[in-house]
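In what follows, chains are A, B, ... by sequence order, proteins preceding strands, each numbered from 1. All values below were derived from every heavy atom in this structure, side-chain atoms included, with hydrogens, water molecules and symmetry-related copies excluded.
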Amino acid sequence: MSELRVRFAPSPTGYLHVGGARTALFNYLLARQSGGTFVLRIEDTDTERSTQESVDAILDGMAWLGMRPDEGPIYQSERFEHYKSKVQQLLDEGNAYRCYCTPEELDAKREAAMKAGEKPKYDGTCRNREDQPTGQAHVVRFKAPLDGETCFNDKIKGNICFQNTELDDLIIQRTDGTPTYNFVVVIDDAEMKINLIIRGDDHINNTPRQIQLYRALGYDVPEFAHVPMILGSDKKRLSKRHGATSVMAYRDMGYLPEALTNYLVRLGWSFGDEEIFAFGDLLEKFSLDNVGKSAGVFNPEKLLWLNAHWIKNGNSARLARLLKEYLDEKGVDTTDGPNLVMVVESLQERAQTMLEMADGAVFYFTPEVEFDPAAEEKFFKSETKPVLECCRKHLSALGDYNHDAIEGCMKAVMEELGLKFGKIGPVLRVALVGGTQSPSIYHVVEVLGKERVMARIERALTRF
RNA sequence: GUCCCCAUCGUCUAGCCCGGCCUAGGACACCGGCCUUUCACGCCGGCGACGGGGGUUCGAAUCCCCCUGGGGACGCCA
């Protein structure tokens, strides 16, 4: 096969959702691993519903996931004149005809057919019409073959055949002169030399019509690979009522792009028992051969687990930059706080999302921590005051605040007081973070540094 | 309703094409235990599936047929 050319062709009527992102990822991966070309085409022939905001949202989502098109975005709305000439070509060659039936008539016929238990399809009223009044409103329909069958060998689903009697004469140009999806998708894929079309399997039913169009237009028919749908927990097609479906919503919730990518590609595709795939692994291992045929249920828990994994194993400097963004969004000022990389390292193992990490990091940047009433009552009592005072004494004498030194310092406190760590750590923790949950206390002391630690102990001592 | 697609633990899946190695493997979730200064991480263990019925075969999760179930499409949306 010649160089692979694939495409992602979303319609800009909303944000980039996880289903679209997955098919885009499949296309992108295949292009990248074979040195092929990934084209982005915006299917905006529905001028009513297409918006620039949606185009931007889709571009943002793709950029966040790291997908850069090699060609495009190409806008179909800029090619209307060209499509018109193709309609004319079909008309001239007798492969299309004008249809004057009104939408109301069509609706009535459709309903009647449904009621009669038949497949609702255009009855061909105008197909053999002799007169062609020019001033009258009309659409243009493709003159589809009446018998025989149309088959294709899907790279994922295998051989699929449709009886041509099941298909009707589809509209290729609307009353307002704009072309329709099934028509332009064929022209563009053919002219952009797309040789493998990877898309959702809800397009399987459109494929035979499109193949007929390829033939009528004199184009080579490309290969197809129909990817199974993503379903919600109720096994219905995934939609907003199942929860977040927008790719960028996952960013906002604190997910890492590599986690979403890992999850989305793994959903419906597998490589033995492996679960963790970095982008490089996917490049090396992804193949259409291992894509399953059945639809898959979107499982937020597994995505969350993967996200925790990628946070745990992420580069702390990079995570620190990301954490700052989430902290900024929360209105937490990090300018005079402790070192962000150290903050990340203390929280990496216990955060499932970056948002969770940000929540857990707030105390580092809050000089006047808010004391949890229950914790305060339990640990700030007259008998624990000496404990905190002893911590103050030893920690103020300590010069180098590194983990081992701090641990040694606390040992000295334990020895002097004759107490176990369990009687000391919690008191110091409440004094430094305000509550009973935090990273290891040694880490907290180290990350905070001497100046902040001393200030917080002083402040806590006033609460007894 | 008609057409198309699909069918292994609750979920994602391995195994299926080239039947025996499957008393069906892994992962998420869940339950128990260990570790532990808190919360987590981690580790160990447990629960849990071949939709049903017919064939073919010495032998079927694997091959064939029917049924059932689920999904999708049926638009002057894409």
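Judged by distance alone, with hydrogens and angles left aside, the side-chain atoms of A:Asp201 form no donor-acceptor pair with the main-chain N or O of A:His226 at under 3.5 Å. At least one donor-acceptor pair under 3.5 Å links the side chain of A:Asp169 to the backbone N or O of A:Ala144. The main-chain N or O of A:Thr102 is found under 3.5 Å from a side-chain atom of A:Glu105 such that the two form a donor-acceptor pair.
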Step-by-step salt bridge (charged side-chain N to carboxylate O under 4.0 Å, His left out) determination, A:Arg209 to A:Asp168: CA-CA 9 Å; A:Arg209 301 166 179 289; A:Asp168 64 356; 3.1 Å; yes
Check against ring-ring contact (aromatic ring centres under 6.0 Å, His included), A:Tyr442 and A:Phe421: CA-CA 12 Å; A:Tyr442 301 143; A:Phe421 188 89; 5.8 Å; yes
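Side-chain to base pairing of A:Asp201 with B:G72: no donor and acceptor N or O lie closer than 3.5 Å to each other. The base of B:G26 sits within donor-acceptor range of the side chain of A:Glu275, with an N or O pair under 3.5 Å. With hydrogens and angles left out, the side chain of A:Asp44 and the base of B:A78 share no donor-acceptor pair within 3.5 Å.
A:His242 approaches A:Arg237 most closely through the heavy-atom pair NE2-O, 3.4 Å.
A:Asn299 comes within 4.0 angstrom of a nucleotide base, judged by non-hydrogen atoms across all strands. Using a 4.0 Å heavy-atom distance criterion, A:Asp107 is classed as making no nucleic acid contact. At the heavy-atom level, A:Arg237 lies under 4.0 Å from the strands shown only through sugar-phosphate atoms. Within the nucleic acid shown, A:Glu301 comes within 4.0 Å of sugar-phosphate atoms alone, with no base atom in reach, counting heavy atoms only. Within the nucleic acid shown, A:Thr175 comes within 4.0 Å of at least one base atom, counting heavy atoms only.
Residues A:Asp188 and A:Arg7 are not paired through a salt bridge, judged by the lack of any N-O separation under 4.0 Å between the basic side chain and the carboxylate.
A gap of 30 Å separates the C1' atoms of B:C47 and B:G53, to the nearest Å. Here, B:C22 and B:G69 have their C1' atoms 26 Å apart, quoted to the whole Å. The P atoms of B:C50 and B:U8 are separated by 11 Å, rounded to the nearest whole Å. Using atom C1' as the reference point in both B:C6 and B:C12, the two lie 16 Å apart (nearest Å). One P atom belongs to B:G15, the other to B:G20, and the distance between them is 13 Å to the nearest Å. To the nearest whole angstrom, the two P atoms, one in B:U56 and one in B:G72, are 38 Å apart. Taking atom P in both B:U68 and B:C28, one finds a spacing of 38 Å when rounded to whole Å.
Positionally, the nearest nucleotide of RNA chain B for A:Ile160 lies more toward the 5' end than for the other of A:Ile160 and A:Asn182. Mapping A:Pro10 and A:Gln352 onto RNA chain B by nearest heavy atom places A:Gln352 at the nucleotide closer to the 5' end.
Close to B:G69, at under 4.0 Å from its OP1 or OP2, lies no side-chain N or O of A:Lys235. Remark: A:Arg110 is in phosphate contact with B:G75, judged by side-chain N or O atoms under 4.0 Å from OP1 or OP2. Of the side-chain N and O atoms in A:Arg98, none sit less than 4.0 angstrom from OP1 or OP2 of B:C76. For A:Lys236 and B:G70, the shortest distance from a side-chain N or O to OP1 or OP2 is not below 4.0 Å. The side chain of A:Thr45 contributes an N or O atom lying less than 4.0 Å from OP1 or OP2 of B:A78.
Closest to the A:His203 side chain, of the nucleotides B:C5, B:C6, B:A78, is B:A78.
Around the CD atom of A:Gln52, the shell of radius 6.0 Å holds more than 12 heavy atoms that belong to other residues, nucleotides or ligands. Shown here is A:Gln136, whose CD atom has more than 12 heavy atoms of other residues, nucleotides or ligands within 6.0 Å. Residue-environment remark: NZ (A:Lys143) exceeds the threshold of 12 foreign heavy atoms within 6.0 Å.
Straight-line distance from the CZ atom of A:Phe298 to the C1' atom of B:G10: 17 Å, rounded to whole Å. B:U13 atom P lies 16 Å from atom CG of A:Asp289, rounded to whole Å.
Using a 90° window around 0 for the glycosidic torsion, B:C58 falls outside it and is classed as anti.
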Contact state string [nucleotides 33-40 of chain B, B base, S sugar-phosphate only, - no protein heavy atom under 4.0 Å]: ----BBBB
Nucleic acid footprint by protein, nucleotides 60-68 of chain B - heavy-atom cut-off 4.0 Å, B for base, S for sugar-phosphate alone: ---------
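Between A:His309 and A:Tyr263, the gap from one ring centroid to the other reaches at least 6.0 Å.
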